[in-house]
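We're numbering straight along the sequence, starting at 1. If you're wondering where the values come from, they're calculated on a predicted model, not measured in any experiment.
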Amino acid sequence: MASNDTGTTLWSSRFAFYLSAVGAAVGLGSIWRFPYLVGSSGGSAFIFVFVLACLLIATPLLTAEFAIGRKSRRSPPQAAGVVAQASGLSTRWNAIGVLGTLATFMIMSYYTVIAGWVLAYTWKVGTGALEGLERPEVASLWREFLSRPWEIGAWHLTFIVLVAFISARGVGRGIETANRIRAPALLILLLILVVYSLATGDVKNGLAFAFAPNFGAITPQVVLAAIGQAFFATGVGMAMMLAYGSYVERGTSLLRCALIIVGSILLVSLLATLMIFPLVFAYGMNPAQGTELVFEVLPTLFAEMPGGRVIGSLFFLLLIFAALTPSLAGIEPLVAWLEQRRGCSRPMAAVIACGASWLLGIGSVLSFNLWSGWRPLGAIPVFAHSTFFDVMDYVSSNVLLPIGALLISVFVGWRVSRTIVVEQLEETTPTGRRIVVWLLRYVCPAALAIILATAIA
């Protein structure tokens with residue numbers, strides 16, 4: 001960890017920034033969510049649109065968030081207001097960081113619940129709880145697990161405590177160190193599992209499903225799902241990159257970092273696809289199984305395959321590493337705000353942020369058992385069948401994030417002083433700056449407006 005002449009905390013090096021930014025983005029969205037969306041959304045058609053969305057929408061938005069954060073050197077809820085004032089605009093643009101912080105807080109409340117599931121299944125697979133079980137028994141084990149709120153809650157709390165401990169150590173000793181350990185560990189585990197899958201799985205059918213051109217399967221639903229996944233995977237609109245951008249030194253190319261993030265997400269997402277689909281086809285499973293793919297379908301494979309206990313343990317250990325650093329990034333906007341605006345020490349801010357996330361997450365824990373029949377917003381047609389967990393996911397991912405991202409694209413593309421934009425993108429070529437601004441002005445608002453119209457309709 002370093003600081004500039006004003007005392008602002010900075011990353012210790014550009015490499016630490018790149019590693020931490022990639023660690024914030026590459027998580028369960030790439031390894032768990034991406035494969036099941038590929039399976040349920042047209043295979044290669046989804047992948048094609050996802051790649052375009054990452055390059056043309058997520059990349060300029062990530063660059064814009066970094067620029068706001070670095071220019072302001074403030075916590076996300078204050079960042080856009082500082083930049084707005086420097087451009088002669090109203091501080092009401094702080095709505096960008098406020099919405100992002102709120103959305104991320106909501107997402108972390110259930111994301112850490114899912115991470116708790118991963119911890120639980122790492123233990124179950126590692127201790128041999130799935131060995132010798134038939135397919136119906138593996139599915140029954142998953143349903144029984146979800147029906148026990150105390151068990152889910154305990155694993156959720158365990159993961160939250162781990163996040164709080166690391167975050168309390170600060171940017172340098174906590175977040176940077178975690179990313180230095182996590183990055184190589186995740187890549188090594190992922191490559192081991194990919195090699196195993198390609199050596200033992202049905203490579204022909206698995207790769208054909210995921211990568212054979214199938215442009216006829218591109219539908220409006222597939223396009224929206226792919227753009228939504230690009231947002232979820234990259235963390236666009238979540239205020240994480242506003243926080244991380246505020247720790248970036250001058251001389252670091254923000255566009256290059258955005259491209260590194262997108263490239264890393266594409267690499268890990270495609271490796272996850274190579275890891276999962278050959279195995280799914282080899283054992284005659286349904287690739288369009290949805291969210292159950294990781295906790296029901298794959299554990300069934302691990303119970304049946306030779307050496308499944310070892311392979312399954314490695315897989316869920318991989319998911320733990322995938323969940324950890326995005327969770328650290330997810331609570332960082334609130335931690336930074338508590339430090340800067342409320343004068344909390346770093347450890348106290350981490351405990352408060354994680355504690356609040358844990359409390360809100362209890363609602364998601366109960367959504368799968370005691371509250372499974374409760375529809376908190378049932379009077380609204382779009383939420384007629386939605387549990388508390390579903391409402392949190394829909395509102396944060398489909399409403400708050402797109403609104404925040406739309407504000408970012410308008411703010412940086414149209415309203416911020418051109419002098420500030422050039423200053424923050426001075427490490428980028430003039431052509432690169434023009435492309436980023438053009439995408440922020442025209443492509444991003446159009447895509448985001450369509451997503452919002454669909455979500456609200």
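Phe66 places a side-chain heavy atom less than 4.5 Å from the side chain of Ile261. Side chains of Leu37 and Phe50 form no contact here, defined as non-hydrogen atoms less than 4.5 Å apart. Contact annotation: the side chain of Val38 approaches that of Phe277 to within less than 4.5 Å [non-hydrogen atoms, C-beta and beyond]. The closest side-chain heavy-atom distance from Met238 to Glu332 is not below 4.5 Å. Looking at heavy atoms from C-beta onward, Arg33 lies in side-chain contact with Gln229 at the 4.5 angstrom threshold. Side chains of Thr252 and Arg70 form a contact here, defined as non-hydrogen atoms less than 4.5 Å apart. Pro60 places a side-chain heavy atom less than 4.5 Å from the side chain of Cys444. Counting heavy atoms from C-beta on, the side chains of Asn94 and Pro77 never come closer than 4.5 Å.
Here the options are Tyr110, Tyr394, Phe383, Trp371, the test is ring pair (Phe, Tyr, Trp, His ring centres under 6.0 Å), and the partner is Phe389; only Tyr110 passes. With Phe368 as reference, Trp117 is the one residue of Trp374, Trp117, Phe145 to meet the ring pair (Phe, Tyr, Trp, His ring centres under 6.0 Å) rule.
Between Ala226 and Val49, the closest heavy-atom pair is CB-CG1, 3.6 Å. In this structure, Trp155 and Gly116 approach most closely via the heavy-atom pair CB-O, 3.4 Å.
Not counting sequence neighbours, Ser409 has no partner by the side chain to side chain donor-acceptor pair (under 3.5 Å) test.
Distance alone, capped at 3.5 Å, places no donor-acceptor pair between the Ser396 side chain and the Ala103 backbone. In this structure a side-chain-to-backbone donor-acceptor pair under 3.5 Å is present from Glu65 to Gly237. For Thr59 (side chain) and Cys54 (main-chain N/O), a donor-acceptor pair under 3.5 Å exists by modelled atom type. Side chain of Arg74 to backbone of Ser72: a donor-acceptor contact under 3.5 angstrom is found. In this structure, Ser197 contributes its side chain and Met275 its backbone to a donor-acceptor pair below 3.5 Å. Side-chain N or O atoms of Ser367 include one that pairs as donor or acceptor with a backbone N or O of Gly363 at under 3.5 Å. Arg433 places a side-chain N or O within 3.5 Å of a backbone atom of Leu425 that can act as its donor or acceptor partner.
Salt bridge status for Glu339 with Arg346: present, with a side-chain N to carboxylate O gap under 4.0 Å. A salt bridge does not link Glu426 with Lys71: none of the charged nitrogens is closer than 4.0 Å to a carboxylate oxygen.
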Q: Would you sort out whether Lys124 and Glu151 count as a salt bridge (Lys or Arg N to Asp or Glu O under 4.0 Å), showing the intermediate values?
A: CA-CA 12 Å; Lys124 291 178 187 294; Glu151 184 177 358; 3.2 Å; yes
Q: Any chance you could lay out the side chain to side chain contact (heavy atoms under 4.5 Å, CB included) test for Arg250 and Glu423, step after step, and finish with the verdict?
A: CA-CA 10 Å; Arg250 297 300 299 272; Glu423 171 193 84; 3.4 Å; yes
Q) Is there a ring-ring contact (aromatic ring centres under 6.0 Å, His included) between Tyr121 and Trp142 once you walk through the steps? A) CA-CA 9 Å; Tyr121 261 69; Trp142 168 239; 5.7 Å; yes
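The cationic atom of Arg415 (NZ for Lys, CZ for Arg) does not lie both less than 6.0 Å from the six-membered ring centre of Trp93 and within 45° of the ring axis.
Side chain to side chain, Asn369 and Ser372 fail the donor-acceptor criterion of an N or O pair below 3.5 Å.
A 6.0 Å sphere centred on CZ of Arg92 holds no more than 12 heavy atoms belonging to other residues, nucleotides or ligands.
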